[in-house]
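Let me begin by presenting the structure, written as structure tokens, before commenting on it.
In this text the structure is predicted, and so the values were computed from the model without any measurement. Below, each value reflects all heavy atoms present in this structure, side chains not excepted, and no hydrogens, waters or symmetry copies.
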Amino acid sequence: MVDFSANTVAHNKNGWWYVKGGKVQFSYNGFGYNSNGYWYCENGKVTFNKNSVIQDTTGAIGAKGTWWYVTGSKVQTSYTGVANYSNANGWWYIKNGKVDFSVNTIAQNKNGWWYVKGGKVQFNYTGLGTNSNGKWYCENGKVTFKKNSVIHDTTGAIGTKGTWWYVTGSKVQTSYTGVADYSNTNGWWYIKNGKVDFTFNGVAANKNGSWVVKSGKVNFSYNGTYTYNGQTYTVKNGKATLTSCSHVYSSSVTKAATCTTSGIRTYTCTKCGATYTETIAVTGHNYTSTVTKAATCSSAGIRTYTCSSCGASYTQTIAATGEHTWEAVYTTKEEDVYEVKQVCNYDGCGEYFDSVDEVCFHIQKVHSGGATYSAKKVKTGTTTVETLEYYECSVCGATKEP
């Protein structure tokens, strides 16, 4: 039955339709919602081919007056960046599906990177801008990535108004110090941290050589000798060639020494860049040792020495101790007759020898080792009479009833 409470975007064999109060609204042009998202409807129908930035004049899916980014007739609520499709008013910066009029940045869409002010791409803008990746030069609103020059910031877009910035590949080179590799129509300039330093007077370099600089600008008219920072140069048409330097060296290890090979320490002049090297002696091995196989009474052991620096190793033999730990072992030969052996009790040794008292008779007989049975008596009752309890062999401890 008809559900007059339904307000949605629903489907039949003819397509998806905007429904209000249970009825398809064929005269409706605007936004609707279902479980699949927000949709733009034309004459009540989702066409799936609408690509634009569209205003929600009724507040159908949010705040009234919001401009939404639509592709394939669906609102792109997860999209952030410059919209890939414009509307009659221009190109816009989108944040989470809707125009963000507060944004001033350089942002991207499928066509490139664009200068955005007040949420809108400024196609008539030529100048500097900034985003999280750095400072950029834009031409007709777009970053071309091929601008190489020293450029004047006439508006203070990225810093103090009137600053001249060094740009390569359309990006301001804020970490660069030296003569710019690219000039502008006014000449060649000395750059400090990305901008022209008009206070600099001296010699500075770029990829083309070293140059005499006056008030931040390369002085191509200078000829003769020039002394700067303890160095003397011969100058022709502003280009300086070093003739002498009172070197000030700093050093660094350019190749570390190892246990077996020498290293190199390089000294570089902080003024002119002249270098020389010295050899760092081999360090030699730093050995520590561990017993990797213990010596026993009958077999040699191994001590291994390992270099803690490079892992090189060698071994040393540990002599067998030759010191057995003897223990008497008795084996029954026949009643009251035992064979006695002294056996080394170290695990795996097995060395033994026959005891002098090889055979023990246990029946109060004395043999070559002097073994006897000793009578063991105890007192009985309350008397002092001692009663024979048992006999005990003095060699092996065997006992026998009296």
Side-chain angles (χ1 to χ4, degrees), residues 1-125 129-134 136 138 140-145 157:
M1 62 182 177
V2 175
D3 182 357
F4 294 101
S5 67
N7 298 296
T8 187
V9 175
H11 185 230
N12 70 5
K13 67 179 181 179
N14 298 306
W16 289 83
W17 304 91
Y18 178 73
V19 175
K20 185 177 181 180
K23 184 178 181 181
V24 173
Q25 305 294 312
F26 292 105
S27 63
Y28 180 76
N29 290 285
F31 292 98
Y33 173 78
N34 65 13
S35 60
N36 297 312
Y38 297 103
W39 301 89
Y40 183 72
C41 304
E42 299 174 86
N43 298 319
K45 187 177 184 179
V46 179
T47 65
F48 295 101
N49 58 15
K50 188 68 173 180
N51 302 301
S52 188
V53 176
I54 301 171
Q55 189 177 29
D56 182 4
T57 57
T58 64
I61 59 172
K64 184 178 179 179
T66 300
W67 290 82
W68 294 95
Y69 178 44
V70 174
T71 67
S73 296
K74 186 175 184 180
V75 176
Q76 303 301 313
T77 55
S78 63
Y79 185 84
T80 293
V82 173
N84 290 320
Y85 300 95
S86 63
N87 64 11
N89 299 312
W91 287 18
W92 299 93
Y93 179 82
I94 308 300
K95 183 177 181 181
N96 298 326
K98 54 188 176 183
V99 175
D100 185 348
F101 293 100
S102 69
V103 169
N104 299 298
T105 189
I106 293 173
Q108 185 183 28
N109 70 1
K110 66 180 181 180
N111 299 304
W113 289 83
W114 304 91
Y115 178 76
V116 175
K117 185 176 181 180
K120 186 178 181 181
V121 173
Q122 305 295 312
F123 291 107
N124 62 348
Y125 180 78
T130 183
N131 66 10
S132 59
N133 298 313
W136 302 89
C138 305
N140 298 319
K142 187 175 185 179
V143 179
T144 65
F145 296 100

Side chains of Thr71 and Asn84 in contact at under 4.5 Å (non-hydrogen atoms) | no

Which heavy atom of Asn96 sits nearest a heavy atom of Thr80, and at what distance?
-> N-OG1, 3.1 Å

Given the side-chain rings of Tyr115 and Trp136, with only the six-membered ring counted for Trp, is the space between their centroids under 6.0 Å?
-> no

For Tyr125 and Ala157 the tightest heavy-atom approach is OH-CB, 3.9 Å

Separation between CD of Gln55 and NZ of Lys98, rounded to the nearest 0.5 Å = 13.5 Å

Taking everything shown except Lys110 itself, do over 12 heavy atoms lie less than 6.0 Å from its NZ?
-> yes

How would you list all residue pairs meeting side chain to side chain donor-acceptor pair (under 3.5 Å) that involve residues 36-48, not counting sequence neighbours?
-> Asn34-Trp39, Glu42-Thr47, Thr47-Asn49, Thr47-Ser73

Taking side chain as C-beta onward, heavy atoms only, is Tyr79 less than 4.5 Å from Asn109?
-> yes

Gln25 (side chain) donor-acceptor with Gly44 (main chain) under 3.5 angstrom = no

Please report the shortest heavy-atom distance between Lys74 and Gln76, naming the atom on each side.
-> O-NE2, 2.9 Å

Listed partners of Trp17 passing ring-ring contact (aromatic ring centres under 6.0 Å, His included), at least two apart | Phe26

Ring geometry between Trp16 and His11 (parallel below 30°, tilted from 30 to 60°, perpendicular above 60°) = parallel

Yes or no on side-chain contact (heavy atoms from CB on, under 4.5 Å) for Ile94 and Val99, after CA distance, side-chain angles and deciding distance?
-> CA-CA 5 Å; Ile94 308 300; Val99 175; 3.8 Å; yes

Of all residues at least two apart in sequence or in a different chain, which pass the ring-ring contact (aromatic ring centres under 6.0 Å, His included) check with Tyr93?
-> none

Which atom names give the shortest non-hydrogen contact between Ser52 and Asn87, and what distance separates them?
-> OG-CB, 3.5 Å

Does the Asp56 side chain pair with the main chain of Ile61, one donor and one acceptor, at a distance under 3.5 Å?
-> yes

Heavy-atom pair of closest approach, residues Val143 and Cys138 | CG2-SG, 3.9 Å

Residue pair Trp92, Trp67: steps toward the side-chain contact (heavy atoms from CB on, under 4.5 Å) verdict = CA-CA 10 Å; Trp92 299 93; Trp67 290 82; over 6 Å; no

Can you name the nearest heavy-atom pair linking Val70 to Lys50, along with the distance?
-> CG1-O, 3.5 Å

